[in-house]
Each structure stands twice: as structure tokens, then as C-alpha cells.
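Read the structure below first, then the notes.
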Amino acid sequence: MRLISLLALLLTLPCLAHAQNADAENHNAIAGTVTAGYLTYGTAATFPPFEFVKDGSLVGFDIDLAAEVASRMHLASSPVNMEFGGLIPALIGHRIDVINSAMYLSPEREGVVDFVPYLSISSVVLVPRDSRLPVTGYDLSLCGLRVGVTLGGIEMRDADKATENCLQNKKPALIILPYPTAQNTALNLLQERTDAAFTSQFGAAVLMQEVPGRYRVAGRPFGTEGQIGLAVAKTNPELRGSLTKAVQELKKDGRLDQLIKKWHLNRGQDVSDVEESGKASDWWVTVKLTLDYLVSPPFLKGAGITLFLTTSSLIVGSLIGIILAVISGGRFGFFRLSVMIYLWLFRGTPVLLQIVFIYNVLPLLGLKLAALTSAVLALSLNEGAYMAEIARSGLDAVKPEQKTAGLALGLSPLSVFRCITAPQAFRITLPMLGNQVIGLLKSSALVSVIAVPELLLAADQAASANFRYIEALSAAAIYYLAFTSLFMLLQRYLEQSLAPGKSSSEKALHRAQAAMESVR
Amino acid sequence: MLAKPVLSLEDIRLTIDGKHILNGCDLKIPEGEVVVILGPSGSGKSTLMRCINLLQKPDSGRILFDGEDILNSSAAAPAVRRKIGMVFQGYDLFEHMTVWDNLLLAPRLTGGAYAHGMSERAAELLDGIGLLEHAGRYPHQLSGGQQQRVAIVRALVMQPRVMLFDEPTSALDPEATEQLQKLFGSAALKSMAKVVVTHDIGFARRVADRIVFIENGSVIANLSAQHFFSGDVPDRLHRFLTKTMPELKLQYSEELPSRV
Ligand SMILES: Nc1ncnc2c1ncn2[C@@H]1O[C@H](COP(=O)(O)OP(=O)(O)OP(=O)(O)O)[C@@H](O)[C@H]1O
Ligand SMILES: [Mg+2]
């Protein structure tokens, strides 16, 4: 047990150090930006060529753009990588200064944030290369088909408009299927869960390059009025002003055009011309890449963080659970009521909600915690609620006479708890604890939503750079299975060492005989 | 002849949920004597024992232990309990520990004089009850009688001044009862004051120095065993026994062939 936590600690040292730095910086933040001297921006790095992870680092058009904009504001740029859905909450929660994630301007979004637009983008209709459906573009040929779009993207509005058009022409509506990322949208098209997908012209260009021979674009690009922009909080008009100025400068002196060329955004204008480079893909490549992922820094770090999250939440959660179990067994009405409310709250809401709440809502109430701290806190509080029930049932299962016998021998209540009640309760609850740990290991994947780079996020990002989902997810699965096996072995070992055993019997007999010898 | 009492209870009263469980109990436990408490079921015998060991706090009254009032003293309950050994009806050995660890847990955790020489003490006592070879066993691997003797030794390792036994023979066969009686006469226990609650009049006859009757939470008779078993019992008490404890009467008449 101690060995494992040490291992987890070693693996996560860099990330801990980082979290502490972030905390320290937060303290001397001045008005204007979240961290003094930095333009802190949120990005969802699953959208090549705008932002994605390549060989462990964040790259893309937006990443370069942020560096340019920041330097013109005499700031350094500092990215925070998270899920797309977490961006706006993070901005409102003062976690970041800016959202820089190829975010489309939409009336709904403009209701909650202010935009500084920097690029016009059109969309395309993407279909599988060998599709037999007569899709001819963004027109009535889509009516009644299953169309994949990215959640919250401008494509959703395009899809709604297409449906309206179909209905006006007395044709069936589109079946709109929203997916969390552009990659998911593309993947589901390939797997024929959808008939067509809307995606940005640039995204389509990247797809044709990375996954050659599988997709084609139907018809011409549409919806040229689409714009993407940097988003800032409505409470921060000064920042919006300086960002606007910086972007205008970039446009004027040609730097923006250079970036557009660098990331081949101009090529997206006619994606159908993109060449297909034949890429070999057989099982050996899959195995090799999976193994490479296993030992790559992002996966090692992700695995370390996952293990750290699991063990630390287990320890803190168990402590909470034991304390609550003892309190709720007592006769203090006030404590019992608070415990009941706590259990009700944390067992009655999804863990995901608790994680987002602690990370994004608490800052609004004046408590701002680093991402890793928020993650451990949320998981621990959730775990504590379940542990309380388990500990309670374990303590209740110990015969009260055992406790009385201990007290009658003159042991303090604390000693009785430590040496009699707790060990017996622990042995009873061990199978339940085993389940709990494995459950915790898996719920730790949820904290990817607040940008903690654990195992699943590492896998997601690796896959989004090259669409190698099988390999990335296999590597992550291997880690999860290894950890699960480890915990199961540990449980087995504890069960055996706690059960009345031969070795402890022999030891006790030996001691007794030795003591008798010395008397004689 | 009354020796100096090691324990004396004065006017112990206890009411739980409006029910009077102890109604002014008075009792003296003389040094080195075996006091047997008899009484019908529900009369408050076990509760009285729990009060002596501070496992139950009476509403009023005094318990003098070596002259000190332990109910209203500054001494913490654990310190008092270490000097008063108690053996429960269910023996209640710690189920997750070997016999050996059961014996050593309390002295080890208490430390000081209690820990000094504890292993030798435990080994000798265990040998004395013929269970040294069972030191490595777990409670569930022992017979009821063996568990009980271990429970007694577990209390004795702490070197108490008094031992309390709640219905020690109720779950024993005649052979185990005989062994218990032998243990009472052994060096470790012989000179120690003992309080024994029992329904077993035969056992009482063999071990008792004094017999105490309790009914409805108060002591209604307290006489020397010699006096009691001589058959010269006041009629009032005899009528009472016949009425309240018919099963006792049966054993009583068997044990007392001298009484017509
Ligand atoms: N914690 C408690 N709460 C309420 N009533 C109690 C409690 N403990 C004991 N009693 C009651 O007090 C009375 C005396 O109980 P006690 O166990 O002392 O009797 P006893 O003389 O030992 O009986 P037995 O011979 O059956 O063991 C009983 O009526 C019992 O129901
Ligand atoms: Mg009783």
C-alpha cells in the first residue's frame, strides 16, 4: 500500500509541482488577467489544425495565434487544455482569461460571452468515400438522413436550417446526432452510425490527409458567414479592447495570413483536391503504436495521475467515511442531520456534476482551487459519502459484546475502536471496499472535463492528433486493467493476511512456548 | 466473621425509561470471599455487575472500591476497570485474534506495570488451565469451556483485585463446570474476591462463601453460605424461593438432602 502511494507520488511529482506553481501565481494575480503577466487561455485540443496535441505538446493555428496576440499585449501565453464543454464555465469561473478554441460565434454564446472574431469559416458536407446515398451537398438531398454534428458547434445551427428547408419542401427532417468532438463526429460517420456529417472545411482537409481514402466532401462549402473568435467574459471589456487591437494589427501586418498559410487553412477552400497519401495499416503497426503509447510520456504521466487520483481520493474518502460513520452512530442530533444532508447531496448527484461544480462554480463563491486539488476534493467527497455507508455497515456488524469486553479490560474507547472494532469491521467490509476502489479508478476518468491530464484525456488527445483510436484507447485500457488487477491482488492479499491464518497461529504458539520456557 | 470489604455498594438506584431496575442495592464484597448472587430472571443481577464495572452508570448511590468512591472520583473509568476483572456469559473473546493476543492485548496497550512480565504471566496462567498448546488458536477453534477459561485468564493477566462472573456455568457441561470450580480454587484465583451471578445452585454450594438474593433490583437476603446450606433458612425466604424460582427450588432440595 505504502509502496503504491510512493509510486504514484513519484509519477505525479511534475504535475504536483505544476499545480503548486499555479496556486502560487494565483495569489499575486492582479486585476486584468487571471495570472499576472500571462494571457491564460482555454482550449480543447481535439480540433486539428486549430488545436491538437502532437508528440505530447499543444500545437495548431490557434496556439500560434495566441502566442502572437499575447506578445503584442506584452504578455506570455499560457494554455489550459480541457474539454470543449468546460470552456465557457471556466471563463465565467475566472479560470481563464480567454477562450481560444476555434469557437464559432452564435447568438446563444454571444449572450454569455463577448467575442473577438479572427477568421471566417465555411462548412462542408462530409460523407464516407464509398457512400451510395445520393448526397449532393448542403441541399434537399440531406432530408431524412442521419447527420452528425459537433455539440455546440455552428454545424448544429446549419443542421437546424437544413431541417427547416426540408420541412418547407414537404420532405422529412434531418435526424441530427450531436457528438462531443469533431473527431467523434468523423469517427461515427466512418462507422456508419451517421450518413453524413457537417464539419469545418479545415477539419475536412485534415481528415482527408490523416485518414486518406475514407471520406469525401459532397458538393460545395456552405455557410460562409460562419466566424470563429476569441471569447472573453462580459465583465472584462478592457481585455476585449486590447485583444481586438492586437488581432487588427495581426491582420494589417500580414502575420495572420502567414499563420493561415503555415497551417494550410487556405487549402481547405477546395478540399476535394487534397492528395491521398497511401498509409500502410496492419495489425503490426497497431501493436507497435499501442506499445509506443504505453511508454510515451503523456500516457505515463496520465497513468501516474490516475493512480494518484485513485489512491489519494481513496485515503481521504475513507477518512471522511470513517469519521462520518462514527459521528452518525453517535447521539448528537446536529451532526447526524449534517451527515444526512451530506450523504443526500453527494450520493444524489452525478460525480461529473460535483467535479464541475467544485472547479467552476466555487470560484464564483470565492474559493478557487487548482484543477488537481478540485479533482481530488470532488472524488474524495463523493467517495466519502459511499465509504460512510460501508463503514457504518461494517461497524454495525461487529458484535457490541466485543466492544464491551474491551472496555471491561480497561481499554480506552479509542483503543477499543482501533484494536477491536475497526479491524473486525475492516475485515467484514473488505469485499465492498474492493469494489469501491475499482469504481473509483474508473470514475477518475471523469476529471478530464476539468483539464486534469489523466489517462483517458491523454488517450483522447493522442487519438485526436492522428485518429488512431484503437491504439490510444487500447493503451489506456491496458493501464486500467493493470491497475484493476493490482487492486484485486491487493484485496486478495489483505483478505488472506487478515483471516485467521496458519502463520499467525504458529507465531503465537511459538511466543507462548518461549515465554513458558523462561518461566521454568 | 466479616473481612474488610474490598467493594461495597451503597443504595444503588437505576431507572431506565421509567422502569426501576435497581432499587437501592446494598452489598459488601469482603476481601478474599466468593459472593454468589441469586435471583429471578430480570431482577437486575447483570445490571448490578455492569454498574460495578462502570459499564452502566447508576442514577444514585455509592460504590466504594478499596475505600474510594469510584462513581464520583476523578479516576478515569478505564483505570478502575483494570482492577476489576469481568467474565461475561458469552465469554466474548476477541474473534480476530489468537488466544495469545487476546491475553496480551490489554496489558500491551496499557503499558507500565500491567505490561511488565505480561508474557510470563500469560504463559503460566495458560499453562495452569492446560491450554498452553492452544495459544495459537482462534476463539472459534475452542470449545465453550475452553473459551471461558481463556476469558478468565485474559482478565487475570491484568492482575485485578476483584473478579466478576455473570452466569459462568449456564453454557457449560458438568465436566467444564468442574474445571471452572477447580480454577476458582487455583493459586491465581483462590485468594481473590469474586462475585458470581448464577442460577446453578449446585455450583453456588461448591464455591460460595456468601449467598445474596436479589429481587426487583434490591437485595432481600444476604447470608453466609454455611448458614444457607445448613438448611436453616428463614421460612419467609424459603417461601419466597419456592414462589419466585421454582427451578432453583428443585436443585435446592436435591442439594440439601438434610432438609426435610
Ligand atoms: N439498557 C437497558 N434498557 C432498558 N432496560 C434494560 C436495560 N438493561 C437491562 N434492562 C432491564 O432491566 C432488568 C434487569 O435486567 P438484567 O439483565 O440485569 O436482569 P438479570 O437479573 O441479569 O436477568 P437474567 O437472570 O435473565 O440474566 C430487565 O427487566 C431488563 O429488561
Ligand atoms: Mg443476567
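Chain letters run A, B, ... following the sequence lines, proteins first and then strands; every chain starts at 1.
- Proximity to chain A is limited to the side chain of B/L109, based on heavy atoms less than 4.5 angstrom apart.
- Side chains of B/Q56 and B/T47: no donor on one and acceptor on the other come within 3.5 Å.
- For chain A, no part of B/A122 is nearby; none of its heavy atoms comes within less than 4.5 Å.
- Centroid-to-centroid, the aromatic rings of B/F165 and B/F203 stay 6.0 Å apart or farther.
- Between A/N382 and A/Q354, the side chains place a donor N or O and an acceptor N or O closer than 3.5 Å (distance only, hydrogens not considered).
- Contact count versus chain B (heavy atoms, under 4.5 Å) is highest, among A/E506, A/K399, A/R427, for A/K399.
- Checking side-chain atoms of A/T429 against main-chain N and O of A/M432 turns up no donor-acceptor pair under 3.5 Å.
- Per-residue counts of heavy-atom pairs under 4.5 Å with chain A were compared for B/E133, B/M86, B/R137; the largest is that of B/E133.
- Heavy atoms closer than 4.5 Å to chain A are found in both the backbone and the side chain of B/S119.
- Considering only heavy-atom pairs separated by less than 4.5 Å from chain B, the leading option among A/P500, A/A515, A/A405, A/S504 is A/P500.
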Begin with the C-alpha distance, continue with both residues' side-chain angles, and end with the deciding distance and a verdict on ring pair (Phe, Tyr, Trp, His ring centres under 6.0 Å) for A/F346 and A/Y342. CA-CA 6 Å; A/F346 280 85; A/Y342 166 79; 5.0 Å; yes
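- With a threshold of 4.5 angstrom between heavy atoms, A/Q402 approaches chain B through its backbone and through its side chain.
- Ranking B/V99, B/D127, B/L126 against chain A, the residue ahead of the rest is B/D127, based on heavy-atom pairs under 4.5 Å.
- For the residue pair B/N102/B/R154, the side-chain donor-acceptor check at 3.5 Å is satisfied.
- Only the side chain of B/R50 comes within less than 4.5 Å of a heavy atom in chain A; its backbone stays farther off.
- Separation of the B/F94 and B/Y138 ring centroids does not fall under the 6.0 Å cut-off.
- The choice from B/L105, B/D101, B/I84 that makes the most heavy-atom pairs within less than 4.5 Å of chain A is B/L105.
- Comparing B/R121, B/H140, B/E95, B/Q141 by heavy-atom pairs within less than 4.5 Å of chain A, the highest count is held by B/E95.
- Residue contact with chain A, scored on non-hydrogen atoms closer than 4.5 Å, is absent for B/L104.
- Residue A/K507: no heavy atom, backbone or side chain, is found under 4.5 Å from chain B.
- The part of B/L93 that comes within reach of chain A is its backbone (N, CA, C, O), which places non-hydrogen atoms under 4.5 angstrom from that chain.
- Side-chain atoms of A/E454 and A/S444 include no donor-acceptor pair closer than 3.5 Å.
- Between the B/K194 side chain and the B/L164 main chain, no donor and acceptor come within less than 3.5 Å of each other.
- Side-chain atoms of A/D396 and A/S393 include no donor-acceptor pair closer than 3.5 Å.
- Heavy atoms of B/D92 lying under 4.5 Å from chain A belong to its backbone as well as its side chain.
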